Structure formats: C-alpha cells, structure tokens
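So the structure is just underneath, and the comments pick up after that.
Whatever order the structure lists them in is the order used to number ligands and atoms, beginning at 1. This one's a predicted model, so the numbers in the text were calculated from it and none came from an experiment.
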Amino acid sequence: MLILGIMMQFVNLTGQREAYREELEAAERAVLDSGCFVGGPEVAALERELADFCNSDAGCDRAEPKTRAITCASGTDALTIALMALGLKPGDEVIVPDFTFIAPAECVDFLGGIPRFADIDPETLQIDPESVKAQISPKTRGIIGVDLFGQCAPFMELRRIADEHELWIVEDAAQAFGATSGARRACTFGDISITSFYPSKPLGCYGDGGAIFTSDVELAEKVRMLANHGSRERYLHETVGMNSRLDALQAAILRVKLHHFEDELKVRRENARKYDEFFSSAGARIVPQKIASGNTSTYAQYTVLAENRDAFIAKLNAAGIPHCIHYPMPLHRQPCFASITDAGCAENNADRASRMAVSLPVCAFTDVDFIIDKLRAAL
Ligand SMILES: *Cc1c(COP(=O)(O)O)cnc(C)c1O
C-alpha cells in the first residue's frame, strides 16, 4: 500500500489494530497456546459465523436454502476451486468483466478455459449485461460477476441471461463481503460465490485467506473435497484437488474483526457519503462510481473517475493524500491475454475507466474530514 510523507495509510490497518488490540491479542495468544494451527475449532466457528452473516439479510428470513461457507487459503484459490467444482474443462469459455483485478480471468485461463471479456457500464463500472450477451458462444459455460469496489454486480440481469443459456454464475465478492443488493447479502448471488481476506480487503486477516460460499449441498461437499487434496476420507482421493486451507490464527483474527464489521461498514458508508457530498459540490470534473439503486457498497476503496487524472493525482501528491489506481489497464489489453484478444479493437468503457479511475482511502479508521479539507484547499 502507498504510504506517503505524512504516513497516512491507504488502508489504516495499524489504527484498526490499535482499536481492537486487547481482543486481537487474546485471540492470537489462545491459538498459539492451543497447538492447533490449521483448521480446527476456530476455523469451524468462523465458517458458521460467515454463513450466518451472509444469511442474515435485511430483516427477512429467506425461504431459500441457506448459504454455507468453506474457508481456504486465498481469494484466488477460492475462484480456482469454484471453477473446478463447476467442472470447467479446457476450451470452455467463461465471461468475465474487462475492468477488474486479474484473478477471475487468470483462474479461468489457469484451468485451460478461455476468458471472454465483457465491457462495463460507464457509471457503475460493473459488468454490462448487454455486453455479456454479445460474448456468448456455444462454448460458453459460465459468467463471473465481480462486485467491483464493493458494489454487487447486476445479478438479476446476469441470472436471467444465465438461465436462458444454461450457464452458471460465480460471484467474485473479494471486495464486497458485507455488501447488499435488495434484501440480500453479497456472497449469495452465485451458484458459487467467493471472497478474499487479503489484509486490505474490507474484512481482512493478517496474511492470505479466502472463503467459498454456496447453498448447494453437493457443490459444498465438492468444494470442501477439492480444497483438501480431493479427499473426503483421509488418504482416499476421489479426484485430484489442491491444498488450500485457512490458518487457525487467521480465523481467530477474522472472528474478532467480524464482530466489529457492521460498525466498520457504517463508518465506511458515512465516509463515502462525505466524499459524495464534497465531489458533487466541488465543481471539478471528478465523478464517483455510481451505486445502483437498491445496492449498498462496502467501499473497498472510494473510486472516482477524473477527466484529467494526471492533474488530479499531482494535486493529491502535493497534498499528501494516499491514492491508488484501480485499474490502470483493462484485461483485454494485458500482455498475458494477447493471444485471445483483438489488439486493434476500438476503445471501450473499460479503456476509459482505466484512464480515469483513482481510488481514495475510505476505511473506518481513515480521517476523511481531514482528507476532504485538504482536497478543498487543493482542487
Ligand atoms: C483481491 C481480489 C481477488 C483475489 O484475492 P486474493 O485473496 O488476493 O487471492 C480476486 N478478485 C478480486 C476482484 C479481488 O479484488
């Protein structure tokens, strides 16, 4: 993460640790003293709590099957295991958004599949269902919807398309654990959904970690088996899997943070509201990512589109405001995908977003009032 002169962190993880220090240290000590370091009761308890969190939607008890949670070693592993569980085969095509972190496209390619890139909506920056339709071929098997920057992808439309063409959906909620769309929580929209506990994600641990969510009992069993060397019964391997496990230490840390998570989300949303208010009155040509009606974001970052990004970044640098570019290049222009994309294609919305996007700090331990004062003076 970017740490500038005044030592303000893009994600203030030291401020968060200070706030929960006693609880964290007690939890960490208990694991270290227990002698149980991988899996075990902390991991089992976390999995129950993650599932309960996702199933507890805005007041109504869903009649639908409940989501189960299976932890693993990272968000990228979670995506890989999800695709294996859904039976992705070499040559199968999967539609992914053009404007996102590389992981979803990378995992498809890693398993021999072919990622097909759908353009994004220019305002919400989410995958555009019309562009998804245009990418469907006889080889298409599924769609990966990414909850970009903490806002759920348009899953109602994606589900309609998926049902019509008999495709599965994977929800990549690596940035969006805790987001809502309608009355439902993120991690409940895919046939399989995943999240990441990378330290700077909205719910982060102190290393790598991830989780896989599904309400399908058979898929849940398959996922657990694949994450454990393809084995249900010790030393009996039904299929070739992988080793992807969460440490007990990370689970204990996540349980402490999950306890405070709703309160953190409230502060994140209040911080974002302050930025919204500032940018709507600032007059500069800087427009925040639009949050679609019915959605609440986790604000993994607070991302704006700046007409003249270089000038805006020069001002951020001069004012000592940490910032990041998510993402400087759409996936269809990445060198690693050159053999499956058309280098000469016309500029699309993902290109424009890559040229204009800048992310600002927004976590619950960021002093957004201080940043906005600096912005007001700088812009
Ligand atoms: C971070 C991220 C991932 C990968 O998660 P890791 O835990 O870092 O492997 C996948 N997809 C998206 C959209 C992400 O932001």
Verify whether one side chain among [X] and [Y] offers a donor that lies under 3.5 Å from an acceptor in the other.
X      : Y      : value
Ser359 : Thr303 : yes
Ser181 : Asn295 : yes
Glu23  : His259 : no

Heavy-atom nearest option to atom 2 (C) of ligand 1, drawn from Glu106, Gln175, His326, Lys201: Lys201
Asn271 and Arg269: CA distance, side-chain angles, deciding distance, side-chain hydrogen bond (donor to acceptor under 3.5 Å, both in side chains) verdict: CA-CA 5 Å; Asn271 283 344; Arg269 287 171 185 147; over 6 Å; no
Would [X] count as a polar contact of ligand 1, with the cut-off being nitrogen or oxygen pairs under 3.5 Å?
X      : answer
Asp77  : no
Gly75  : yes
Asp208 : no

If you count the atoms of ligand 1 from 1 in the order shown, which ones are under 4.0 Å from a heavy atom of [X]?
X      : value
Val146 : 13 (C)
Ser74  : 7 (O), 9 (O)
Ser196 : 5 (O), 6 (P), 7 (O)

Shortest protein heavy-atom distance from atom 11 (N) of ligand 1, along with the residue and atom involved: Asp172 OD2, 2.7 Å
Nearest protein heavy atom with distance in Å, relative to atom 4 (C) of ligand 1: Thr76 OG1, 3.5 Å
Between Phe53 and Phe177, ring centroids under 6.0 Å: yes
Leu375 and Tyr275: CA distance, side-chain angles, deciding distance, side chain to side chain contact (heavy atoms under 4.5 Å, CB included) verdict: CA-CA 10 Å; Leu375 281 172; Tyr275 277 128; 4.2 Å; yes
Test item: Pro202 and Phe261 side chains (from C-beta on) under 4.5 Å apart, heavy atoms: yes
